[in-house]
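Treat the numbers as computed from the prediction; the structure is a model and nothing was measured. Below, all heavy atoms of this structure are taken into account, side chains as well, without hydrogens, waters or symmetry copies. Sequence positions, counted from 1, serve as the residue numbers for this chain.
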Amino acid sequence: MGGGMRSWRRAEAALNRAFADSAAGRYFKVDARDSTFTRELRAGVATFLTMVYIVSVNAAILTDSGGPCTVRDCTPLASANSSASAGLAPGPGCKFDGNPGYQRCLARTKNDLVVATAAAAVVGSFAMGAVANLPLALAPGMGANAYFAYNLVGFHGSGRVPYETALAAVFLEGCIFLALSLLGLRSRMARLIPRSIRLASAAGIGLFLAFTGLQNQVGVGLVGPSPSTLVTLTACSRTDPATGECLGGILHSPTFWLGAAGFLLSAMCLARDVKGGTICGIVFVTLVSWIRGTAVTAFPDTEQGNSNFDYFKKIVDFHIIESTAGRISFAGFFQKDVWLAVATLLYVDILDTTGSMCSMAEYGGFADGEGGFEGEYRAFAVDAGATIMGAALGTTTVTTYIESTAGLREGGRTGVTAIAVAALFAGALFFAPLLTNVPPWAVGPSLVLVGAMMMRVAREVDWAEAKEAMPAFLTMILMPLTYSIAYGIIAGVGTHIALHLFDGVAAVYAWVQTYRKNTFTEEAADHGDQITATKQNIAETATSSV
């Protein structure tokens with residue numbers, strides 16, 4: 001056993017030495033950054049395990065927007081005097097009542113978005129490693145996807161902006177972001193935002209994600225609507241399709257209890273620093289849900305359930321994007337809601353990516369001590385370019401993942417780590433049948449856990465200073481309560497300006513008063529000097545006369 005281990009270590013050392021001496025090793029500066037090839041590969045695996053959840057989670061969230069699906073995809077309604085094939089034209093309500101045609105369109109859209117998410121992670125992570133030589137992985141970001149799905153496009157297209165136009169907003173935001181990065185203005189813009197608002201935005205998005213994960217559509221269904229208190233405890237086995245209220249008592253949903261078990265499993269793994277802790281609960285809940293004939297199955301005995309199961313049985317399948325790629329449309333682009341979306345996405349992206357990159361640069365030891373880090377210019381450009389590519393595929397803002405710290409903890413210090421992550425995401429592209437059938441009660445707990453981890457920055461807000469605490473609190477609380485990230489940011493920035501405006505007016509008033517006082521003193525002094533000079537002249541004249 002010991003001899004085999006020594007042989008393995010010698011082989012590993014030889015491989016590491018050969019790579020370090022190669023042209024690739026010199027390009028990635030493996031020796032200069034005190035790393036090895038195998039250590040970089042282990043770091044890539046660690047990072048991938050902590051962020052692979054995004055493939056199923058992002059696809060589930062964006063599918064809730066309805067994607068490119070419209071009323072035209074709904075199956076015609078049967079009437080008393082006609083067959084279903086020649087029935088009544090469906091109305092807008094068909095998008096919300098489980099219409100078979102619309103559900104099939106959603107299934108195709110989810111398949112597309114799984115591939116789009118993984119492809120964006122492949123391209124972004126590979127470019128970050130190959131161009132910027134940094135051990136940072138990229139993928140469509142949490143927060144921006146929720147804003148896109150639930151605020152901008154709305155659940156099943158019930159919002160104010162169509163899916164295609166919303167993608168154009170993401171595309172434009174990426175172009176602006178790229179221009180700012182190439183001009184070197186990105187870090188400077190981030191510093192213009194008050195620190196308390198920056199911190200509160202991250203925490204508020206965390207609350208927003210957790211609230212989303214607790215609801216029924218893309219979560220465990222623990223909270224739901226109430227006619228008297230707006231929201232209440234639900235987890236119902238059956239709900240009213242019109243109002244969403246419980247039928248037959250609360251906490252009777254078997255999928256909720258399964259999701260709760262997954263949440264506890266993931267939480268325990270994270271508490272014990274198990275790599276890939278977030279995905280442990282997702283895998284457990286998903287595997288149980290894949291068993292047919294149970295109360296928690298993801299494949300009920302329905303037309304849609306049977307169709308999903310038939311696709312699931314393929315296990316390995318390379319799906320080609322059919323409907324979400326190239327859907328960018330600038331038709332109807334010039335309206336207030338779209339430009340507000342561009343500003344919000346840009347704001348969130350600046351805070352998220354810039355903050356994440358700088359903090360991980362400090363953690364990884366490649367910061368320059370002046371607020372920047374090695375490869376900063378190229379890293380920002382890669383991140384912005386990945387967002388443009390993601391919009392073209394049909395997904396939302398691509399950003400640098402804070403989960404990259406898992407790879408940094410494993411010793412990843414070069415772009416080889418990011419390229420390893422890209423290779424693993426490329427492998428995930430071939431398992432679309434599995435990834436597209438992860439149920440919402442498996443995804444919801446991960447949203448709650450991500451929200452909890454994002455809340456840690458709230459402790460850095462100066463809560464003892466009211467002028468900092470009030471804008472931060474409003475930013476955090478209004479994001480989930482108004483179900484809008486944009487409204488929370490607007491409230492926080494507006495309150496910050498209002499509270500500091502008085503200080504500005506007072507400072508101007510004090511300056512005016514000081515200026516007037518100094519001017520009066522100078523004038524009085526000049527007048528006194530003139531009187532003194534006049535008296536001296538009179539005295540001299542009198543003396544001369546005598």
Tell me if the aromatic rings of Phe299 and Phe312 count as close, with their centers under 6.0 Å from one another.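 So the answer is yes for these two rings.
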
Are the aromatic ring centres of Phe309 and Trp290 under 6.0 angstrom apart?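 Ring-ring flag for Phe309/Trp290: false, centres at least 6.0 Å apart.
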
Residues that [X] engages under side chain to side chain donor-acceptor pair (under 3.5 Å), provided they are two or more places apart:
X: Thr387; answer: none
X: Thr400; answer: Asp383
X: Gln103; answer: none
X: Ser56; answer: none

Holding to side chain to side chain contact (heavy atoms under 4.5 Å, CB included), I want the full list of residues that pass it with [X], two or more places apart in sequence or in another chain.
X: Phe126; value: Ala130, Ile419, Ala422
X: Ala121; value: Ala139, Phe425
X: Val71; value: Pro90, Cys94, Lys95
X: Pro439; value: Thr286, Ser289, Ala298, Trp441, Ala442

I need the [X] [atom1] to [Y] [atom2] distance, nearest 0.5 Å.
X: Leu474; Y: Met479; atom1: CG; atom2: CE; answer: 11.0 Å
X: Leu214; Y: Phe256; atom1: CG; atom2: CZ; answer: 8.5 Å
X: Ser253; Y: Leu222; atom1: OG; atom2: CG; answer: 10.0 Å
X: Ser196; Y: Phe473; atom1: OG; atom2: CZ; answer: 14.0 Å
X: Thr475; Y: Met470; atom1: OG1; atom2: CE; answer: 11.0 Å

Report yes or no: do [X] and [Y] form a side-chain donor-acceptor pair below 3.5 Å?
X: Asn306; Y: Arg292; value: yes
X: Thr397; Y: Asp349; value: no
X: Thr396; Y: Asn145; value: no

Contacts of type ring pair (Phe, Tyr, Trp, His ring centres under 6.0 Å), residue Tyr102, not counting sequence neighbours: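 Partners of Tyr102 by the ring pair (Phe, Tyr, Trp, His ring centres under 6.0 Å) criterion, ordered by chain and then number, come out as His156.
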
Which residues pass the salt bridge (charged side-chain N to carboxylate O under 4.0 Å, His left out) test with [X], not counting sequence neighbours?
X: Glu322; result: none
X: Asp317; result: none
X: Arg104; result: Glu303

So, the side chain of Thr482 versus the backbone of Leu478: is there a donor-acceptor pair under 3.5 Å, distance only?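 Pair found, side chain donor or acceptor close to backbone of Leu478.
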
